[in-house]
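So that the names make sense, note that chain A is the first sequence line, chain B the second, and so on, each numbered from 1.
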Amino acid sequence: MAGALYGRPRRGPGAGGRGPGSYNRPTMPTPAPEELETLRHSAAHLMAAAVCELFPGAEYAIGPAIADGFYYDFLLPGDRRLSAEDLPPIEARMREIASRRPAFERVELGREEALEAFRRSGQRFKVEIIEALPADERITCYRTGDFFDLCRGPHVPDAGAIPAFRLLHPAGAYWRGDERRPMLQRIYGTAWLTAAELEAHLQRLAEAERRDHRRLGRELDLFSTGEELGGGLILWHPNGAMVRSLVEDHWRAAHQAGGYQLVYSPHVAREQLWATSTHLQFFADDMYGPVDVDGVPYRLKPMNCPFHILIYRSRMRSYRELPLRLAELGTVYRNERSGVLHGLLRVRGFTQDDAHLFCTPEQMPEEVRRAVAFSREMLAVFGFRDLLVELSTRPEKAAGSAEQWAAAEAVLRQVLDTEGLEHRLDPGGGAFYGPKISLYVRDALDRPWQCATIQFDFIQPENFQLEYIGADGTPHRPLMVHRTLLGSLERFLGVLIEHYAGAFPLWLAPVQCRLITVGDEQLPYARTVAERLRAAGLRVDVPDHPGERMQLKIRQGELQKIPYLGIIGQREVAAGSVSLRDTRTKVQASLAVEALAERLRVEAQRRG
RNA sequence: GCCCAGAUAGCUCAGUGGCAGAGCACUUCCUUGGUAAGGAAGGGGUCCCGGGUUCAAAUCCCGGUCUGGGCUCCA
């Protein structure tokens with residue numbers, strides 16, 4: 001049960017409620033400087049002013065500055081919905097208003113006065129906001145031309161002082177984020193101090209689009225999804241399966257070297273097991289319905305922990321065999337709501353790189369420290385060294401005693417100190433069964449992604465009555481920690497694809513070197529070179545469609561982001577060499593076959 | 001789940017009541033070429049699925065599925 005967050009994309013720390021795409025595509029967590037924030041908030045006002053002019057009677061809700069931009073939520077007359085075509089006229093009206101340079105005029109009102117003003121203009125959301133403010137709070141409003149809004153400020157001097165902005169896209173958003181309340185029309189925009197910065201930001205958005213793992217997944221023939229298959233399910237094609245299996249091979253080897261024992265567990269289990277683990281009680285909405293097996297209900301597994309617990313409990317355990325570390329690449333199924341599915345990043349069937357640590361209380365600090373250090377090593381292999389760390393503490397509703405929580409949180413804090421990791425607090429963000437550490441990687445575009453979580457669990461050892469016999473000969477209850485390093489393989493591969501923009505480092509490339517002949521006569525030689533390289537453990541292919549021109553094959557190799565292309569013509573056959581083209585640097589070099597094999601073999605060893 | 005948008009050849013997309021299209025890809029033939037697209041011909045369609053309106057539906061209407069942008073949920 002713990003570890004339910006495994007495999008789910010989460011906002012990066014500090015990215016809460018951020019701009020476009022913040023949920024699945026978290027943006028930079030660093031707060032915008034105040035100047036930009038003011039500018040963006042003023043741009044939101046300007047947009048609201050334009051919307052109110054174009055849609056008389058529009059009600060406006062909230063319009064904050066967010067990372068990289070701003071938004072404003074509206075309820076339009078006649079419950080009008082917005083589509084992308086509505087944006088250009090709104091943006092045009094904004095520019096028109098801005099050209100008149102109306103000032104942002106600050107107005108202070110008494111509470112009753114303000115309530116009266118917004119009641120009169122039919123702004124029920126503003127009335128609700130004011131009613132929720134403390135009675136003694138001074139109410140400030142800003143007037144911009146005809147647009148009057150409740151607002152703390154500050155603002156730029158006038159609406160002409162917003163140098164560069166662009167509306168991006170409309171979206172639906174519930175009032176106060178509550179799905180029982182009205183659905184409002186949100187418009188996202190971005191605003192910057194200079195046109196150059198705006199342009200750079202739009203370039204970044206285009207770059208993120210270019211790196212979209214769904215696009216690259218199709219272009220590089222890595223994986224597919226589809227209507228016939230069903231939402232949230234992934235088919236791994238040979239290229240993607242190769243990358244995944246390389247990641248898995250590394251993962252298994254590292255775990256075996258790191259004192260873990262690998263296990264396997266089935267995809268379904270009797271419903272009664274999920275009752276014991278209390279998943280049926282607390283996680284039922286995410287689980288698929290029962291399957292009848294000889295009159296007994298079974299369920300697809302949403303998590304691996306009950307299985308690992310059964311392995312632990314399969315016989316009497318002595319303190320001498322603790323800590324016990326059981327690890328599995330375990331495929332789980334969760335009934336994610338259709339609207340949240342997203343490529344590889346949010347799916348219904350995924351493989352967690354899961355492990356459960358069972359240990360004595362005395363062993364716990366060292367176990368957690370090892371897990372954190374192990375996570376860092378694992379992520380560094382993929383080039384992720386700059387991590388964001390978050391410590392999630394006791395929520396309001398929590399199982400376990402206050403002492404248990406305090407002790408566990410102290411252990412986590414101590415470990416972060418020992419490891420020299422600066423962290424950010426996520427107060428009340430722990431699961432109800434225990435606190436956790438989350439590690440976020442930052443990808444090539446500096447976007448944070450939650451990968452590793454290390455999470456205490458106070459209740460499963462109770463649910464399953466786990467025991468070990470201590471040195472004193474009496475039974476004790478072990479402590480249990482869930483941990484994952486990559487999150488889920490699906491999501492991690494999605495992150496890797498975007499991080500590398502599809503150009504995998506040599507050790508992960510599905511094809512490491514393609515041998516391209518200038519004419520068909522060189523094919524036999526090319527095949528012997530391929531065999532030599534394969535003998536060195538390299539993944540090599542030789543396209544042999546007769547009559548295909550070298551230029552075309554080079555282009556295809558470039559588009560497929562194959563790291564090395566080896567060109568072979570008469571000269572190379574005569575010299576026993578290969579003309580090597582590095583598709584990343586475009587550098588060309590002529591190498592003897594043995595030198596080529598050695599060079600690629602050495603590079604393919606490199607990680608991180 | 002909710003709001004909005006979309007679904008037409010393997011891919012990217014045009015077509016908006018009246019003969020189903022383009023580029024790329026694919027097949028065949030010609031071309032044997034030295035570092036990012038040689039030429040020609042050809043094949044390829046349940047216009048997402050189901051229902052309705054109409055003389056006639058890819059096109060209009062209703063329902064569903066999937067996809068995308070958001071929101072929400074996230075033990």
Distance, rounded to the nearest Å, where A:E548 contributes CD and B:A25 contributes P: 10 Å
Work out how far the P atom of B:G52 is from that of B:A40, and round it to whole angstrom. 48 Å
Distance between the P atoms of B:C4 and B:G64, in whole angstroms? 13 Å
Find the partner of B:A20: check Watson-Crick (N1-N3 plus N6-O4 or O6-N4) and G-U wobble (N1-O2, O6-N3) distances, both under 3.5 Å, and reply none if neither fits. none
For atom CD of A:E219 and atom P of B:G10, their distance in whole Å: 18 Å
Hey, is the side chain of A:Y188 poking within less than 4.0 Å of OP1 or OP2 on B:C71, counting only N and O atoms? yes
A:Y564 and A:L596, any side-chain heavy atoms less than 4.5 Å apart: no
Determine which nucleotide pairs with B:U59, using a 3.5 Å limit on both distances of a Watson-Crick or G-U wobble pair. none
For B:A14, give its Watson-Crick or G-U wobble partner with both distances under 3.5 Å, or none. none
Send over the distance from A:D520 CG to B:U31 P, rounded to a whole Å. 12 Å
Please tell me which of the listed nucleotides, B:G34, B:G1, B:G70, lies nearest to the side chain of A:V340? B:G1
Using Watson-Crick or G-U wobble geometry with both distances under 3.5 Å, which nucleotide pairs with B:C74? none
Applying a 4.0 Å non-hydrogen cut-off, can you work out what A:L565 is touching in the nucleic acid: base, sugar-phosphate, or nothing? nothing
Selection from B:G69, B:A36, B:C71 that lies nearest to any side-chain heavy atom of A:A171: B:G69
At 4.0 Å (heavy atoms only), tell me whether A:G232 reaches a base, stays on the sugar-phosphate, or touches nothing. sugar-phosphate
More 5' along RNA chain B: A:L233 or A:M550, using each one's nearest nucleotide? A:M550
Does B:G38 have OP1 or OP2 sitting under 4.0 Å from an N or O in the side chain of A:R549? yes
Closest to the A:E558 side chain: B:C2, B:A36, B:C3? B:A36
Integer angstrom distance from the C1' of B:G15 to that of B:A20: 9 Å
Strand partner of B:A25, provided both Watson-Crick or wobble distances fall under 3.5 Å: none
Which of B:G33, B:U35, B:U72 is nearest the side chain of A:V518? It is B:G33
Shortest side-chain distance from A:Q551, nucleotide among B:C2, B:U35, B:C3: B:U35
Scan A:Q570 against the nucleic acid and name what it touches under 4.0 Å (heavy atoms): base, sugar-phosphate only, or nothing. base
Could you tell me the Watson-Crick or G-U partner of B:A7, where both distances fall under 3.5 Å? Say none if there is no partner. B:U65
Would you say the side chain of A:I554 lies within less than 4.5 Å of the side chain of A:R514, judging by non-hydrogen atoms? no
Over 12 non-hydrogen atoms of neighbours within 6.0 angstrom of CZ in A:R270: no
I need the CG-C1' distance between A:L184 and B:C3, as an integer number of Å. 10 Å
Taking donor-acceptor contacts at under 3.5 Å, does the side chain of A:Y174 reach the base of B:G1? yes
Can you tell me how far C1' in B:A7 sits from the matching atom in B:G45, rounded to whole Å? 14 Å
Between A:H482 and A:H356, how do the two ring planes meet: parallel, tilted or perpendicular, split at 30° and 60°? perpendicular
From NZ of A:K553 across to P of B:G34 the rounded distance in Å is 12 Å
When the C1' atoms of B:U53 and B:C60 are compared, how many Å lie between them, rounded to an integer? 8 Å
Separation of A:H342 atom NE2 from B:G70 atom P, in whole Å? 8 Å
Tell me whether A:R214 forms a cation-pi arrangement with A:F223, defined as NZ or CZ under 6.0 Å from the six-membered ring centre and within 45 degrees of its axis. no
Assigned partner base of B:U53, Watson-Crick or wobble definition, under 3.5 Å: none
For atom C1', what is the distance between B:C47 and B:A57, given to the nearest Å? 11 Å
Among B:C73, B:A36, B:G70, the one nearest any side-chain atom of A:R346 is B:C73
Taking syn as a glycosidic torsion within 90° of 0 and anything else as anti, which one is B:U8? anti
Between B:G69 (P) and A:I187 (CD1): distance, integer Å: 19 Å
Does NZ or CZ of A:R186 fall inside the cone over A:Y71's six-membered ring, less than 6.0 Å from its centre and within 45° of the axis? yes
Given RNA chain B, 5'-ward residue of the pair A:T583 and A:R348, judged by closest heavy atom: A:T583
ring-ring contact (aromatic ring centres under 6.0 Å, His included), that's the test. Do A:F283 and A:W274 meet it? Break it down for me. CA-CA 9 Å; A:F283 205 63; A:W274 306 106; 9.2 Å; no
Base, sugar-phosphate alone, or nothing: which one does A:G434 contact when heavy atoms must sit under 4.0 Å apart? nothing
Please measure how far the C1' atom in B:C71 lies from the corresponding atom in B:A9, and state the result in whole Å. 36 Å
Would you classify A:Q588 as touching base, sugar-phosphate or nothing, given that sugar-phosphate means primed atoms plus P, OP1 and OP2, and contacts are heavy atoms under 4.0 Å? base
In the strands shown, is B:C47 matched to any nucleotide by a Watson-Crick or G-U wobble pair with both distances under 3.5 Å, and which? none
Indicate the ring-plane relationship of A:F458 and A:F456, choosing parallel, tilted or perpendicular according to the 30° and 60° boundaries. tilted
If you measure from the P atom in B:G1 to the same atom in B:U16, how many Å do you get, rounded? 33 Å
Euclidean distance, atom CH2 of residue A:W175 to atom C1' of B:U72 [Å, nearest integer]: 16 Å
Counting only side-chain nitrogens and oxygens, does A:R218 get under 4.0 Å of the OP1 or OP2 atom of B:U12? yes
Check the pair A:R599 / A:E603 against salt bridge (charged side-chain N to carboxylate O under 4.0 Å, His left out), numbers first and verdict last. CA-CA 6 Å; A:R599 174 170 160 183; A:E603 184 183 337; 5.2 Å; no
Please check the phosphate of B:G69 (OP1 and OP2 only) for any side-chain N or O of A:R214 closer than 4.0 Å. yes
Which nucleotide, B:U67, B:U72, B:G34, lies nearest any side-chain atom of A:S579? B:G34
Heavy atoms only, 4.0 Å cut-off, all strands: where does A:Q522 land among base, sugar-phosphate and nothing? nothing
